[in-house]
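So the structure is just underneath, and the comments pick up after that.
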Amino acid sequence: MDYGMTPELEEFRREVREFVAMNAPDIAPRAGVRCAETAEELASLKEWTGKLYAAGYLGGDWPVEYGGQGGEHAVERSVVVGEEIARARASVLPGAANLIAHALFDFGTEEQRTKFLPGIRSGSEVWCQLFSEPGSGSDLASLRTRAVRSENGGFVVNGQKVWTTNGQWSDYGYMLARTDVDAPKHKGISAFIVDMKLPGVDVRPLREITGTSDFNEVFFDDVVLEPDALVGELNNGWYVANSSLSHERSGVAANAVRLRQGVGALKDLAGRLEQNGHPAVEDGYVQDRLGRLDASVAALSAMVYANVSRVSRKSERAFDAPMAKLLFSEIGVEMQRFALELCGEAGILVEGDAGALDGGRWQDEFMYARAFTIAGGSSEVMRNLIAERGLGMPR
Ligand SMILES: Cc1cc2nc3c(=O)[nH]c(=O)nc-3n(C[C@H](O)[C@H](O)[C@H](O)COP(=O)(O)OP(=O)(O)OC[C@H]3O[C@@H](n4cnc5c(N)ncnc54)[C@H](O)[C@@H]3O)c2cc1C
């Protein structure tokens, strides 16, 4: 389903595929694990990130003076890169590097750009996103972490963040904090850069249902920030954050590739499992479920390519990305539910359990699939956006 892929893009795809095969770190993929699990893995992910930037495969949409292709950059190229990395089941560093980079292009000072952008491009500095708090996720503007201005123009931060992906490995955090408690909630927030090694920053990894620690709680106890930690104007953080989030391509194209691989692996599994003396794949019910999944993934791919072509024509609609995100994450849950149904009792075993079917991936993927219905905006919030922006329904 390679809609809109011109011969030139297909040539680019071949080039990227070769690059990924030669350079991607040798980290065995584990279901539901996105972050490095050891310092060695982190080191190879950083090196890999640097290579992707150096080759122009990441950061293509950066301004030319900072190493990107600026207005010449074709969004389709980023999609191809994401798809090829997914196809190879290679890992990438999750985090907020691209978000803060765009915040700095649009709102930062020249000093901030000079200080932070080279570390992002080389992969040597890891960033996390310090936005969500307990009680402030979907309703982010209600956040309560305080940054109080001090006499030298700096700030003192107190509060707590949660769900901070990669926080345990991060050098810097891109943070939102309340700087005016009396202003309407969207108008009293500012954006900051936080050095994660500062005294008073306490990163506590959370253990997830799959046994891994991808995200963290982060506590701030009288953390002192210098005046140049502020990104953009004081109390303009809501605008800074939303503007940088608009540069975050949710990676749905890459996720569609992963879903397609999942359907293939399920067909394979159904061919190996026996039901009533026959391979399960010969059963009408199994064929129906597999067919529906296959068709849903094909529909998602079509939607993703249509969205990409709208982005490149600058005619993106406000409900395009929410529709694709909703479809992708809900298909994921559906697929993993069916996988466990197929596995039967064996489906309860997880990665690392002796005798687990397909190394236990199905149970781990089932448990992790729910995360995608929350991360980056929950399914309910996506439905609200589609209803309001797409269907014109009242709030
Ligand atoms: C894997 C993962 C990684 C993440 N990484 C980061 C990160 O690095 N940095 C960061 O800052 N955050 C991160 N998040 C946080 C993520 O942005 C929030 O979890 C998300 O915005 C939902 O917020 P919440 O968890 O507070 O849930 P809540 O907003 O409290 O939602 C609880 C429930 O209420 C529903 N709900 C809420 N509002 C509405 C509404 N208006 N209408 C209908 N239903 C509603 C939700 O759909 C959900 O079912 C991550 C989350 C996940 C799962």
Side-chain angles (χ1 to χ4, degrees), residues 30-36 91-100 103 126-145 157 159-178 185-186 189 191-194 196 201 203-220 231 237-238 240-242 244-245 248 250-252 255 258 321-322 325-326 328-330 332-333 336 364-389 391 393-395:
R30 271 194 56 202
V33 178
R34 295 170 304 136
C35 294
S91 306
V92 281
L93 264 182
N98 203 40
L99 279 188
I100 185 67
V126 179
W127 286 73
C128 60
Q129 182 187 345
L130 297 163
F131 285 13
S132 304
E133 298 182 6
S136 303
S138 305
D139 182 18
L140 185 59
S142 68
L143 60 86
R144 284 175 302 172
T145 293
V157 181
Q160 186 201 341
K161 299 289 174 179
V162 73
W163 299 101
T164 314
T165 302
N166 229 6
Q168 75 275 39
W169 296 120
S170 289
D171 301 284
Y172 295 102
Y174 174 22
M175 181 185 71
L176 293 182
R178 187 157 302 284
K185 61 181 184 177
H186 295 86
I189 294 172
F192 295 95
I193 291 170
V194 179
M196 299 296 281
V201 178
V203 181
R204 301 187 197 162
L206 289 165
R207 197 165 174 77
E208 288 145 43
I209 196 168
T210 49
T212 186
S213 289
D214 274 3
F215 40 66
N216 304 263
E217 297 176 294
V218 181
F219 294 85
F220 302 92
V231 180
W238 188 250
V240 173
N242 278 299
S244 43
L245 284 171
E248 189 187 39
S250 62
V252 172
N255 286 325
R258 291 189 188 97
K325 201 267 166 177
L326 176 67
F328 142 68
S329 47
E330 296 296 324
V333 172
Q336 301 311 331
D364 281 60
E365 287 190 5
F366 169 74
M367 290 190 290
Y368 201 82
R370 185 66 63 186
F372 291 112
T373 68
I374 304 169
S378 72
S379 286
E380 290 73 26
V381 169
M382 293 301 117
R383 289 193 177 95
N384 283 348
L385 293 174
I386 296 163
E388 290 162 23
R389 298 174 181 179
L391 301 173
M393 291 169 73
R395 280 174 68 84

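Whatever order the structure lists ligands and atoms in, that order sets their numbers, starting from 1.
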For this session: Compile the protein residues with any heavy atom at a distance under 4.0 Å from an atom of ligand 1; present them by chain, then by number.
Result: R34, Q129, F131, S132, G137, S138, W163, T164, T165, F215, Y368, A371, I374, A375, S378, E380, N384

Exercise. Which distance, rounded to the nearest 0.5 Å, do you find between the CH2 of W163 and the CD of E217?
Worked result: 11.5 Å

Problem set entry | Donor-acceptor pair, side chain of K161 and main chain of L176, under 3.5 angstrom | yes

Exercise. Looking at CZ of R34 and CD of E208, how far apart are the two atoms once the value is rounded to the nearest 0.5 Å?
Worked result: 7.0 Å

Problem set entry | Point-to-point distance, once rounded to the nearest 0.5 Å, from OH of Y174 to CG of L99 | 6.5 Å

Exercise. Counting N and O atoms only, with roles assigned by atom type, does the side chain of N166 sit under 3.5 Å from a partner on the main chain of C128, one being a donor and the other an acceptor?
Worked result: no

Exercise. Donor-acceptor pair, S142 side chain versus D139 backbone, under 3.5 Å?
Worked result: yes

